[in-house]
Amino acid sequence: MQATGTSHQALQAIWKTVRAIPRGQVSSYGTVAKRAGLPGRARLVGYALKIAPSGLPWHRVVAAGGRITFPKTSRQFAEQRKRLRAEGVELTGGRVVSEASISLDELLWKRP
DNA sequence: TCGCTGACGCATT
DNA sequence: GAATGCGCCAGCG
């Protein structure tokens, strides 16, 4: 790892943002990307999560609208749903209830 | 160096 | 509601 310096910073920014997500709350890739200073690079967030270190609350990151991107048959789908429910996040099928994903832009990232 | 791929987002059909 | 296409651009072979 060396040339990854530039993006490495972006990855850390993404991880930092993900860690900043309060328990019982979820955020979307696009929101995280934007908050990490990478607007429009939601895919980078996906990559960041893929290579994310253990301990990162990746399960708090869902697709736009609070939808889970994984197929229902996926093991991660079940795990993410399980973890979210364990934190008090309500889920309906493969989607997070609006209350949890409520205006992320308003509840979360409220910068004074 | 070039080209494909991709934990996505959004518009459209 | 589900499927498809296009865009954004950083990794990786």
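Just so we're clear, the structure is a prediction, and the values are computed from it rather than from any experiment. Residue numbers begin at 1 in each chain, while the letters A, B, ... track the order of the sequences.
- Neither OP1 nor OP2 of C:dC9 sits under 4.0 Å from any side-chain N or O of A:Y47.
- For the residue pair A:H59 and A:E87, a side-chain donor N or O sits within less than 3.5 Å of a side-chain acceptor on the partner.
- Rounding to whole angstrom units, NZ of residue A:K50 and P of B:dG6 are separated by 8 Å.
- With A:T17 contributing its side chain and A:A13 its backbone, the two residues share a donor-acceptor pair below 3.5 Å.
- Comparing A:R41 and A:I51 along DNA chain C, the residue whose closest nucleotide (by nearest heavy atom) sits nearer the 5' end is A:R41.
- The shortest heavy-atom contact between A:L91 and A:R85 is CD1-CG, 3.6 Å.
- One interatomic measurement links the two molecules: CZ of A:R95 to C1' of C:dA2, which rounds to 12 Å at whole-angstrom precision.
- In this structure, CG of A:L11 is placed 14 Å from P of B:dA7, rounded to the nearest angstrom.
- Atom CD of A:Q9 and atom P of C:dA10 are 14 Å apart (whole Å).
- The number of heavy atoms from other shown groups lying within 6.0 Å of CZ (A:R83) is above 12.
- In this structure, the side chain of A:R35 does not engage the main chain of A:A33 through any donor-acceptor pair within 3.5 Å.
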Indicate for each nucleotide in nucleotides 8-13 of chain B, in 5' to 3' sequence, whether protein heavy atoms under 4.0 Å reach the base (B), only the sugar-phosphate (S), or nothing (-). BSS---
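- Nucleotide C:dC12 holds its C1' atom 14 Å from the CG atom of A:L44, rounded to whole Å.
- Atom NZ in A:K34 sits roughly 13 Å away from atom C1' in C:dC8 (whole-Å rounding).
- Formation of a donor-acceptor pair under 3.5 Å by the A:R60 side chain with backbone atoms of A:I21 is found in this model.
- Within 4.0 Å (heavy atoms only), A:Q76 reaches at least one base atom of the nucleic acid.
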